[in-house]
Chemist: 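Can you keep this structure in mind? I'll have questions shortly.
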Amino acid sequence: MAAVGQRGTVKEFAGFNSQEDAAKLRKAMKGLGTDEDAIIEVLAKRTIAQRQQIKLDFKTAFGRDLISDLKSELSGNFEMVVLGLMMTPDVYDAHELKNAIKGAGTDEGCLIEILASRNNREIQQIVTTYKKEFGKSLEDDICGDTSHMFQRVLVSLATGNRDEGNYVDEQLAKKDAQSLYDAGEKRWGTDEVAFLSILCTRNPLHLRKVFEEYKKIAKKDIEASIKGEMSGSLEDALLAIVKNMKSQPAYFAERLYNSMKGVGTEDSTLIRVMVSRCEIDMLDIREAFQRTYGKSLYSFIKGDCSGDYKKILLQLCGGE
């Protein structure tokens, strides 16, 4: 289970009493109507570990399954947020990946977001949980639903085997930068394997040095070259890797902004980022959002969402 981050907006609730919380939730769902505010007051202010204890005590005290009760009482986006909060991170990510793959069409953005942003331990947990939950391997499902170089990038990321050390090899960084330049800008056509083998294996600190060296050689950022050399889902995947290596909070701020800008909201993306990051680095994401877009994340959510869905997201956002 993920540890509570120092930069999360959801922190361990002082004076936590799981039995009292279970009773509050039962009262909120008993009889006619549902007290959504009471549900928000409990679940949006407790950590993942605390919610798991509430779930256990709910069953002990009432002989009922909390998840089943929530499903029967709630609906729409509010239900999606609440059910997401009740899962452990590996289970939540596994279910999001499955939802991205199953049915007509594939949510490539979800596959890319999760696999490009989680660390090795998290990826390995997701892979194990996915097999346990769905009886199929994540790799098999990825291969059955994607193709070509995009598939190969996702399969590489799903190994959870990136170098996570802190060593920067200056000479290798220069060599890697030259290899990327030779594989793209310098030639007719693109050697996509060179991009995969460097971007999917090197540690973040080393890659930041590679990007610096690349800019010296190409006279442009690596992102600009990827946009010029690639297209479609492969372009999106490689850009996501680069952005995560440079700054995860900035990457997630961009995901949130893109989910809310323009007409309509990409609810699934908005919900997933808010639920998955609220205990880890939401304060950093908020700062990156304000710095990049000149408006607070809180104000964007307030203007873009409605009803109890908005209330719970604003709570996870942690204020202005």
Side-chain angles (χ1 to χ4, degrees), residues 4-5 7-18 20-52 54-55 58 66-87 89 92 95-96 252-253 255-287 289-290 293 295-320:
V4 182
R7 300 293 294 164
T9 48
V10 175
K11 301 183 185 297
E12 288 187 349
F13 189 74
F16 173 60
N17 185 319
S18 54
E20 278 183 14
D21 285 345
K24 284 177 188 171
L25 290 172
R26 177 69 183 132
K27 185 181 176 187
M29 293 185 283
K30 203 173 170 185
L32 287 174
T34 307
D35 186 350
E36 284 89 358
D37 287 342
I39 292 171
I40 294 169
E41 189 61 28
V42 173
L43 297 182
K45 294 183 179 179
R46 307 296 185 270
T47 62
I48 295 161
Q50 289 176 331
R51 291 184 211 112
Q52 300 312 301
I54 293 167
K55 185 164 70 170
F58 190 93
L66 177 55
I67 305 303
S68 297
D69 279 7
L70 289 167
K71 281 180 180 175
S72 68
E73 293 290 326
L74 309 178
S75 62
N77 289 330
F78 183 58
E79 179 188 1
M80 281 175 65
V81 179
V82 169
L83 294 181
L85 290 172
M86 291 306 302
M87 295 181 196
Y92 184 58
H95 278 260
E96 287 293 293
F252 283 115
R255 290 288 291 163
L256 288 169
Y257 176 76
N258 287 338
S259 76
M260 291 183 282
K261 72 174 186 180
V263 180
T265 307
E266 284 180 32
D267 298 310
S268 59
T269 301
L270 175 58
I271 290 167
R272 184 174 55 254
V273 176
M274 295 301 296
V275 168
S276 63
R277 308 311 294 186
C278 63
E279 252 178 72
I280 302 170
D281 56 359
M282 187 54 68
L283 292 173
D284 295 322
I285 293 168
R286 275 171 35 179
E287 286 172 11
F289 195 99
Q290 177 78 50
Y293 304 109
K295 279 185 77 175
S296 71
L297 175 58
Y298 188 94
S299 67
F300 251 77
I301 293 170
K302 201 169 182 182
D304 202 69
C305 306
S306 60
D308 297 311
Y309 168 44
K310 173 163 76 174
K311 286 183 194 173
I312 196 164
L313 290 186
L314 290 175
Q315 185 65 57
L316 297 179
C317 183
E320 290 274 15

Chemist: Is it the case that the side chain of Q50 and the backbone of K45 share a donor-acceptor pair, with hydrogens and angles ignored and the cut-off at 3.5 Å?
Modeler: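 Not a single qualifying donor-acceptor pair exists.
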
Chemist: Between T9 (side chain only) and L316 (backbone N and O only), is there a donor and an acceptor less than 3.5 Å apart?
Modeler: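 Judged by distance alone, yes, a pair lies under 3.5 Å.
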
Chemist: Any side-chain heavy-atom pair from R277 and I280 closer than 4.5 angstrom?
Modeler: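 They are in side-chain contact.
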
Chemist: Taking the side chain as every heavy atom from C-beta outward, state whether P89 and I48 have any atom pair closer than 4.5 Å.
Modeler: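 Yes, close enough: below the 4.5 Å cut-off.
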
Chemist: Take D21 and R51 through the side-chain contact (heavy atoms from CB on, under 4.5 Å) test and state the conclusion after the steps.
Modeler: CA-CA 9 Å; D21 285 345; R51 291 184 211 112; over 6 Å; no

Chemist: Give the minimum heavy-atom separation between Q315 and A44, together with the two atoms involved.
Modeler: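 The answer is CG-CB, 3.4 Å.
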
Chemist: Quick check: are there more than 12 heavy atoms from other residues, nucleotides or ligands sitting under 6.0 Å from NZ of K302?
Modeler: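 No, because the 6.0 Å sphere around NZ of K302 holds 12 heavy atoms or fewer from other groups.
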
Chemist: Check whether NZ of the Lys or CZ of the Arg K295 lies under 6.0 Å from the centre of the six-membered ring of F300 and within 45 degrees of that ring's axis.
Modeler: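 Flagged: K295 positioned over aromatic ring of F300.
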
Chemist: What is the distance from atom SG of C278 to atom CG of L283, rounded to the nearest 0.5 Å?
Modeler: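 So the SG of C278 and the CG of L283 are separated by 11.0 Å.
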
Chemist: Considering only heavy atoms from C-beta outward, does the side chain of K71 approach that of L83 to under 4.5 Å?
Modeler: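 Heavy-atom side-chain distance check passes, below 4.5 Å.
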
Chemist: Contact between E287 and L297 at the side-chain level, heavy atoms closer than 4.5 Å - yes or no?
Modeler: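 They are not in side-chain contact.
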
Chemist: Working to the nearest 0.5 Å, report the span between OG of S72 and CD of E79.
Modeler: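 If we round to the nearest 0.5 Å, S72:OG and E79:CD are 9.0 Å apart.
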
Chemist: Is there a side-chain contact between T47 and F16, using heavy atoms and a 4.5 Å cut-off?
Modeler: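 They are not in contact (no side-chain heavy atoms under 4.5 Å apart), so the answer is no.
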
Chemist: Grab the two heavy atoms, one from I285 and one from F252, that are nearest each other, plus how far apart they are.
Modeler: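 Smallest heavy-atom distance, with atoms named: CD1-CB, 3.7 Å.
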
Chemist: Could you tell me whether the side chain of E266 reaches within less than 4.5 Å of the side chain of N258, counting heavy atoms only?
Modeler: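 They are not in side-chain contact.
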
Chemist: Identify whether the distance between the nearest side-chain nitrogen and carboxylate oxygen of K27 and D35 falls below 4.0 Å.
Modeler: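 Judged by the 4.0 Å cut-off on N to carboxylate O distance, K27 and D35 do not form a salt bridge.
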
Chemist: Is it true that atom CD of E41 has more than 12 heavy atoms of other residues, nucleotides or ligands lying nearer than 6.0 Å?
Modeler: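 No, the 6.0 Å shell around CD holds no more than 12 heavy atoms from other groups.
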
Chemist: Salt bridge between E279 and R46, side-chain N to carboxylate O under 4.0 Å?
Modeler: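 No, no charged N to carboxylate O under 4.0 Å.
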
Chemist: Checking the side chain of R272 only, and the main-chain atoms of Y92 only, is there a donor and an acceptor separated by less than 3.5 Å?
Modeler: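 Side chain of R272 to backbone of Y92: no pair is present.
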
Chemist: Please check: side-chain N/O of R26 versus main-chain N/O of F58, any donor-acceptor pairing under 3.5 Å?
Modeler: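 Looks like no, no N/O pair under 3.5 Å.
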
Chemist: Quick one: CE on M80 to CD1 on I271, what's the gap to the nearest 0.5 Å?
Modeler: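 Answer rounded to 0.5 Å: 4.0 Å.
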
Chemist: If you round to the nearest 0.5 Å, how far is OG of S276 from CE of M282?
Modeler: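 Here the interatomic distance stands at 7.5 Å.
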
Chemist: Might you point out which heavy atoms bring C305 and L270 nearest each other, and give the distance in Å?
Modeler: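 Smallest interatomic distance, heavy atoms only, reads SG-CD2, 3.6 Å.
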
Chemist: Aromatic rings Y293 and Y257: how do their planes relate, parallel, tilted or perpendicular, breaks at 30° and 60°?
Modeler: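 Rings of Y293 and Y257: parallel, as their planes differ by under 30°.
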
Chemist: Side-chain contact, heavy-atom cut-off 4.5 Å: S296 with R286?
Modeler: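 Result no, sub-4.5 Å side-chain heavy-atom pair not found.
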
Chemist: side-chain contact (heavy atoms from CB on, under 4.5 Å) with I312: which of I39, L43, L85, V275?
Modeler: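 Answer after filtering I39, L43, L85, V275: L85.
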
Chemist: Are D281 and R7 within salt-bridge range, i.e. N to O under 4.0 Å?
Modeler: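 Judged by the 4.0 Å cut-off on N to carboxylate O distance, D281 and R7 do not form a salt bridge.
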
Chemist: What I'd like to find out is whether the side chain of V42 reaches to under 4.5 Å of the side chain of F13, using heavy atoms alone.
Modeler: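 Counting from C-beta outward, V42 and F13 never come under 4.5 Å.
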
Chemist: With rounding to the nearest 0.5 Å, note down the distance linking OH in Y309 to CE in M274.
Modeler: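 Going from the OH atom of Y309 to the CE atom of M274 covers 9.5 Å.
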
Chemist: Check I40, V81, D304, N77 against L313 for a side-chain contact (heavy atoms from CB on, under 4.5 Å) and give me the one that passes.
Modeler: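 When side-chain contact (heavy atoms from CB on, under 4.5 Å) is applied between L313 and each of I40, V81, D304, N77, only V81 qualifies.
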
Chemist: Ignoring hydrogens and angles, state whether a donor on the side chain of E73 or T34 is under 3.5 Å from an acceptor on the partner side chain.
Modeler: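 Distance-only check passes for E73 and T34.
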
